[in-house]
Novice: 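Before I ask anything, let me first share the structure, which is written out below as structure tokens.
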Amino acid sequence: MWCKGQIAVVLLIFFLCDVFAQPRFKGRKAMAKHQQPAVLQYFEPRAGASQTVTAQCTDSEVIVTISPDLLGIQKPVQPSDLSMGGCGVTSPVGAQPFVIEAPLQGCGSTVEMLGAVITYTFTLDYNPSPIDGLPIVRTNPAVVQIECQYNRLHNVSSNALNPTWVPYTSTISAEDVLGFSLVIMSSDWSGPSSSNTFFLGDLINLQASVDSTNHVPLRVFVDSCVATPGSNASAPAYTFIGNNGCFLDSKLTGSNSQFVSPRVAQSVMQFQLDAFRFYGLTTSSIFITCHLKVTLASANVDPLNKDCSYNSALSQWSSVDGNNAVCSCCDTSCANPPPFRRGSGALKHRPRRASEWSTPAEWQETISVGPLYLEQFSPLSLSQSLSGQQDEASPGSQFQDSILGAVVGVLAVSCVAVLFLAYSKANGIANKQ
């Protein structure tokens with residue numbers, strides 16, 4: 001009995017020591033177990049100096065930590081001037097550094113699926129407010145793009161017991177999983193663009209695609225695209241593709257915007273947008289939001305499922321997939337296509353084909369990319385302008401060179417004359433002697 005009592009006392013002491021050794025968190029949020037650093041990209045000079053912005057991506061949110069000296073110029077920023085897709089600083093008032101906690105599917109985030117990687121993109125904006133009582137600011141706006149990248153999860157487990165038959169519900173679930181993507185491509189279409197800065201006069205290459213690995217062959221369409229100056233649906237907005245796949249920008253402005261024909265694959269649609277800026281706005285950024293949808297690759301294109309470009313030289317619409325007749329509604333309304341004629345010549349309404357029924361929700365998705373930054377002049381045009389100024393100045397330089405050559409010629413002739421006279425005098429003296 002005495003031994004059992006000693007053992008009980010010892011166990012009680014160990015239990016109490018373990019309890020009091022546990023850390024206590026007061027007012028702090030426990031971090032998720034799975035964390036990884038975010039990818040940061042800065043689009044303004046001196047924005048996000050070394051170690052002034054850090055971010056951690058968790059399973060459900062991104063935690064952004066911002067130093068008061070955001071720009072690295074010893075001028076602290078105000079927390080009220082920081083925002084991320086409309087979400088402000090979440091750390092307590094007066095606490096430093098500043099912290100913004102944003103859910104992955106909130107605060108203006110955009111989602112992009114490329115291959116086996118899902119990327120959530122956030123935009124941290126710093127817009128300085130005037131100094132109290134004065135109409136001036138001493139810092140420039142800044143933009144920091146934050147990306148959280150995750151590997152796509154599949155319904156496969158290495159530890160699972162594989163059945164000898166495939167359940168019907170599992171087959172349907174796998175076929176309904178479609179991975180849409182919208183990517184800004186390089187000028188030669190070899191891969192994603194390494195820069196998101198463009199100049200007026202550039203063609204912005206974009207590529208829409210769908211990953212149909214577990215599905216029958218599909219054909220992707222760009223149903224509509226809208227450009228806005230911000231990540232939210234803020235005014236102004238410019239619909240450059242609409243009416244079920246009509247590239248309206250080329251018809252409205254006579255631009256070089258177009259769908260690239262022919263397709264590189266049925267599951268891929270490449271298109272080019274002639275760069276532009278929003279009039280009257282100081283910001284040079286634009287966000288592009290496109291609605292993508294797919295049909296069976298074996299189905300015929302029709303007025304509701306098409307991609308059409310406008311040829312200004314020929315004043316006509318053309319389909320990427322060859323049937324230009326489906327583009328005839330681009331100048332009216334493709335939601336209600338006109339009737340067609342049969343052999344009798346009478347106008348009749350044809351029955352709706354299977355591809356014209358409303359697209360299932362799993363076969364369409366809206367995706368955004370941005371920000372893209374548009375500048376008015378490119379370095380190339382600036383260098384050309386400078387060389388032109390040099391060329392204009394060259395006639396003056398040639399005139400100066402002509403004067404200098406004439407002076408040198410006169411001096412040379414004078415020197416020869418002086419030497420000749422000296423030689424003649426020397427010969428005359430010698431003859432007399």
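Computed from a predicted structure; not experimentally measured.
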Novice: First locate atom OG1 of T65, then atom CD of Q96, and finally report the distance between them rounded to the nearest 0.5 Å.
Specialist: 13.0 Å
Novice: State the OG-NE2 distance between S368 and H291, to the nearest 0.5 angstrom.
Specialist: 12.5 Å
Novice: Output the distance between atom CG (L273) and atom CD1 (I286), rounded to the nearest 0.5 Å.
Specialist: 6.5 Å
Novice: Taking the side chain as every heavy atom from C-beta outward, state whether C308 and Y310 have any atom pair closer than 4.5 Å.
Specialist: no
Novice: Do I146 and M84 have side chains that get closer than 4.5 Å, going by heavy atoms?
Specialist: yes
Novice: Provide the closest heavy-atom pair for N324 versus S319 in the form atom of the first, atom of the second, distance.
Specialist: OD1-N, 2.8 Å
Novice: Measuring from atom CZ of F98 to atom OG1 of T90, what distance do you get when rounded to the nearest 0.5 angstrom?
Specialist: 12.0 Å
Novice: Heavy atoms only: give me the nearest P192-V183 pair and the separation to one decimal.
Specialist: CB-CG1, 3.9 Å
Novice: Do the numbers put R263 on top of the ring of F221, so that NZ or CZ is under 6.0 Å from the six-membered ring centre and no more than 45° off the axis?
Specialist: yes
Novice: Hydrogens and angles aside, do S255 and D274 bring a side-chain donor and acceptor to less than 3.5 Å of each other?
Specialist: no
Novice: Would you confirm whether D202, through its side chain, and I204, through its main-chain N or O, come within 3.5 Å as a donor-acceptor pair?
Specialist: no
Novice: Can you find a heavy atom in the side chain of V320 that is under 4.5 Å from one in the side chain of M269?
Specialist: yes
Novice: Are the side chain of R277 and the backbone of L200 linked by a donor-acceptor contact shorter than 3.5 Å?
Specialist: no
Novice: Give the intermediate values and the outcome of side chain to side chain contact (heavy atoms under 4.5 Å, CB included) for residues E365 and L182.
Specialist: CA-CA 10 Å; E365 188 167 338; L182 180 63; over 6 Å; no
Novice: Would you say S190 and D188 are linked by a side-chain donor-acceptor pair, where the criterion is simply a distance under 3.5 Å?
Specialist: yes
Novice: Would a 4.5 Å heavy-atom cut-off, applied to side chains only, mark Q258 and S250 as touching?
Specialist: no
Novice: What distance separates T110 OG1 from I367 CD1, expressed to the nearest 0.5 Å?
Specialist: 10.0 Å
Novice: Is the backbone of G242 close enough, under 3.5 Å, to the side chain of S224 for a donor and an acceptor to pair up by distance?
Specialist: no
Novice: Rounded to the nearest 0.5 Å, how far does OG of S298 lie from CD of Q266?
Specialist: 10.0 Å
Novice: Just by distance, do the side chain of S309 and the backbone of F259 share a donor-acceptor pair under 3.5 Å?
Specialist: yes
Novice: Ignoring hydrogens and angles, tell me if any N or O in the side chain of T197 forms a donor-acceptor pair with the backbone of Y373 under 3.5 Å.
Specialist: no
Novice: Among D249, L203, L252, L248, find the one that has a side chain to side chain contact (heavy atoms under 4.5 Å, CB included) with S257.
Specialist: D249
Novice: Shortest non-hydrogen contact from V89 to V99?
Specialist: CG1-O, 3.4 Å
Novice: Any heavy-atom pair between the side chains of I100 and L124 that's under 4.5 Å?
Specialist: yes
Novice: Keeping the roles fixed (side chain from N127, backbone from P141), state whether a donor-acceptor pair exists under 3.5 Å.
Specialist: no
Novice: Side chains of F271 and I241: closer than 4.5 Å at any heavy-atom pair?
Specialist: yes
Novice: Less than 4.5 Å apart, side chain to side chain, heavy atoms only: is that true for W317 and S328?
Specialist: no
Novice: Would you please classify the geometry between the F240 ring and the F247 ring as parallel, tilted or perpendicular, with 30° and 60° separating the classes?
Specialist: tilted
Novice: Any sub-3.5 Å donor-acceptor pair from N196's side-chain atoms to P371's backbone N or O?
Specialist: yes
Novice: Tell me, do S318 and C327 make a side-chain contact under 4.5 Å, heavy atoms counted?
Specialist: no
Novice: Give me the atom names and distance for the closest heavy-atom approach of D69 to T52.
Specialist: O-CG2, 3.3 Å
Novice: Pair D321, K306 - check side chain to side chain contact (heavy atoms under 4.5 Å, CB included), show working.
Specialist: CA-CA 8 Å; D321 298 295; K306 66 184 184 306; over 6 Å; no
Novice: Do you know the tightest heavy-atom contact between I66 and P97?
Specialist: O-CB, 3.2 Å
Novice: Would S129 and D81 count as having a side-chain donor-acceptor pair, cut-off 3.5 Å?
Specialist: yes
Novice: Does the SG of C334 lie under 2.5 Å from the SG of C246?
Specialist: no
Novice: Under the side chain to side chain contact (heavy atoms under 4.5 Å, CB included) criterion, do N305 and K293 qualify, and how do the steps go?
Specialist: CA-CA 8 Å; N305 301 286; K293 63 182 181 181; 3.3 Å; yes
Novice: Run the numbers on K251 and D331 for side chain to side chain contact (heavy atoms under 4.5 Å, CB included), then give the verdict.
Specialist: CA-CA 9 Å; K251 174 67 181 291; D331 291 325; 2.8 Å; yes
Novice: Might you point out which heavy atoms bring A227 and F276 nearest each other, and give the distance in Å?
Specialist: CB-CZ, 3.7 Å
